[in-house]
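Below you'll find the structure, written out as structure tokens, and then a few comments.
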Amino acid sequence: MSKQKFVDVSKKYLHRYFIKAMGAMALGLFASLLIGTIFDTIGTYAHLPFLNTIATYAKNATGMAIGVAIAHALGAHPLVMFSAAAVGAMSNAMGAIIQDGTILSWAATGKGDEGIFYSAGPAGAFFAVIVACEIGMLVSKKTKVDVLVTPVVTILCGFAASWLLCPLVAYVMYYLGVFIATATTLQPLLMGVIISVTVGIILTLPISSAAICAMIFSEAAIQAAALEGTDKGLLLAGGAAAVGCCAQMVGFAVSSFRENKWGGIVSQGLGTSMLQMGNICKRPQIWIPPTLASAIIGPVSTMLFKLECTGVAAGMGTCGLVGPIGVAKEILKNPEAGAMPWIGLVLCCFVLPAVLSLLFSEIMRKLGWIRKGDMLLEG
């Protein structure tokens with residue numbers, strides 16, 4: 001294989017798996033876990049219990065939604081796609097029981113007598129469903145008993161991939177959570193910058209920051225950090241991630257107002273800053289204003305307002321207001337904190353991202369680094 005052909009093939013599969021499939025995983029996550037989170041929050045504070053019931057079922061369908069979404073993105077045949085729902089469910093739930101950095105139980109699906117259970121979550125589902133779909137497509141519509149062969153092969157291969165990969169994914173996420181919790185506890189200023197900028201950039205890229213944060217800032221990760229006395233650091237890192245994502249979405253919405261008007265405010269501020277990826281590829285400098293804003297706001301969050309966030313909300317930004325809602329939920333757990341955290345929420349999630357990004361973008365426009373139309377959204 002020539003060098004150019006190898007490069008072309010690599011680009012093809014990178015696009016297939018890490019743009020199409022991962023982008024679809026984010027949609028599946030939003031249509032289940034994230035919507036469930038929104039319903040749960042509204043139901044709790046508006047005293048509407050039927051919304052809490054809906055939320056429970058929506059969250060329980062997370063793995064299945066991810067499985068179907070990825071299979072659809074990969075162009076899977078119907079039987080492969082429907083079988084991927086089962087694969088997504090098992091791989092999302094499977095993981096390992098870990099104690100003091102040691103795996104006590106491989107491919108576990110629940111709590112053990114000792115240690116902390118880590119599920120592989122969306123990241124595990126991502127890998128297992130891809131393996132299951134690709135192998136399932138090799139046999140789909142190839143036999144006269146397709147209705148039996150395709151689901152059997154797809155689900156068995158999905159189970160094998162889940163059994164092998166999910167504990168490893170959980171193990172990696174365990175150590176990543178330990179590192180972030182410890183580092184943020186020791187260096188909240190520096191980690192505020194790093195976490196805010198990194199997660200914000202991931203949010204805008206065509207990959208799922210929500211899935212990553214769902215694992216790094218999971219309840220299991222917080223339990224493990226609590227044993228080391230670094231849980232506060234992990235919660236602060238979650239807050240920095242949340243405001244970093246808000247900075248990207250609000251920042252692009254405001255910076256591009258000249259081009260996209262109010263439609264851009266809604267589509268980017270409440271939708272996704274990923275809409276700017278095409279423009280970023282053409283003019284990378286348009287990414288500077290919201291990224292600089294996140295670098296400033298992150299340490300403001302960790303050092304001054306000490307905002308906290310957990311789970312998937314840390315990677316959602318202002319998309320459906322999930323990020324601010326996640327921060328608000330943590331504030332409500334400590335009613336004695338007073339008004340300071342609420343002021344911080346408004347400033348770090350909305351006001352500062354808008355003001356700083358607009359300031360930086362206007363300076364860059366004056367210097368000619370950003371030109372009229374550079375951030376125009378198609379359609």
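By the 4.5 Å heavy-atom criterion applied to side chains, Thr185 and Leu236 are not counted as neighbours. Here the side chains of Pro289 and Ile370 are in contact, with some heavy-atom distance below 4.5 Å. Side-chain contact between Phe126 and Val169 is absent, with no heavy-atom pair separated by less than 4.5 Å.
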Mind running side-chain contact (heavy atoms from CB on, under 4.5 Å) on Thr182 and Glu228 for me, showing each step along the way? CA-CA 9 Å; Thr182 304; Glu228 303 295 327; 5.9 Å; no
Under the side-chain contact (heavy atoms from CB on, under 4.5 Å) rule, what do Met191 and Thr302 come out as? Steps first, then yes or no, please. CA-CA 9 Å; Met191 289 301 292; Thr302 57; over 6 Å; no
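Proximity of a side-chain donor or acceptor of Ser357 to a complementary backbone N or O of Ala354 within less than 3.5 Å is not detected.
Remark: the Ser119 side chain and the Asn92 side chain contain no N/O donor-acceptor pair separated by less than 3.5 Å. Between Gln248 and Ser273, the side chains place no donor N or O within less than 3.5 Å of an acceptor N or O (distance only, hydrogens not considered). Using modelled atom types, one finds no donor on one side chain facing an acceptor on the other under 3.5 Å when comparing Glu219 with Tyr118. Side-chain atoms of Gln268 and Ser256 include a donor-acceptor pair closer than 3.5 Å.
From Ser218, atom OG reaches atom CE of Met173 across 9.5 Å, with rounding to the nearest 0.5 Å. Separating the CZ atom in Phe39 from the CZ atom in Phe50 is a distance of 8.0 Å, to the nearest 0.5 Å. Rounded to the nearest 0.5 Å, atoms CG (Leu345) and CD (Glu330) are 11.5 Å apart. Atoms OH and CD1, from Tyr45 and Ile42 in turn, are 12.0 Å apart once rounded to the nearest 0.5 Å. Distance check, rounded to the nearest 0.5 Å: CG of Leu307 to CD1 of Ile343 gives 11.0 Å. Atoms CG and OG1, on Leu34 and Thr62 in that order, are 8.0 Å from each other to the nearest 0.5 Å.
Hydrophobic clustering keeps Met137 apart from Val153 (ILVMFWY residues linked when any side-chain heavy atoms are closer than 4.5 Å, directly or through intermediates). The cluster map of Ile, Leu, Val, Met, Phe, Trp and Tyr, joined by side-chain heavy atoms under 4.5 Å apart, puts Trp369 and Leu356 in the same cluster. Two different hydrophobic clusters hold Leu189 and Ile180 under the rule that ILVMFWY side chains link at heavy-atom gaps under 4.5 Å. In the hydrophobic cluster analysis, where Ile, Leu, Val, Met, Phe, Trp and Tyr join through side-chain heavy atoms closer than 4.5 angstrom, Met375 is grouped apart from Val266. When the side chains of ILVMFWY residues are joined at heavy-atom separations under 4.5 Å, either directly or via intervening members, Tyr174 and Leu168 end up in a single hydrophobic cluster.
Because its NZ or CZ atom is both nearer than 6.0 Å to the ring centre of Phe257 and within 45° of the ring axis, Lys261 counts as a cation-pi partner of that residue.
A salt bridge links Arg283 with Asp374; the closest basic N to acidic carboxylate O contact falls under 4.0 Å. With respect to Glu362 and Arg258, a salt bridge is recorded, a charged nitrogen being found less than 4.0 Å from a carboxylate O. A salt bridge is defined here as a Lys NZ or Arg NE, NH1 or NH2 lying under 4.0 Å from an Asp or Glu carboxylate O, and Glu259 with Arg365 meets this definition. Between Lys333 and Glu308, no side-chain nitrogen of the basic residue sits less than 4.0 Å from a carboxylate oxygen of the acidic one, so the salt-bridge criterion is not met.
Leu205 approaches Met274 most closely through the heavy-atom pair O-CE, 3.4 Å. Pairing each heavy atom of Val80 with each of Ala76, the nearest pair is CG1-CB, 3.7 Å.
Surrounding CH2 of Trp342 are more than 12 heavy atoms belonging to other residues, nucleotides or ligands, all under 6.0 Å away. Within 6.0 Å of the NZ atom in Lys12, the count of heavy atoms belonging to other residues, nucleotides or ligands does not exceed 12.
Aromatic ring centroids of Phe179 and Tyr175 lie 6.0 Å or more apart.
Exactly one of Asn60, Ile54, Thr53 qualifies for a side chain to side chain contact (heavy atoms under 4.5 Å, CB included) with Thr56. That residue is Asn60.
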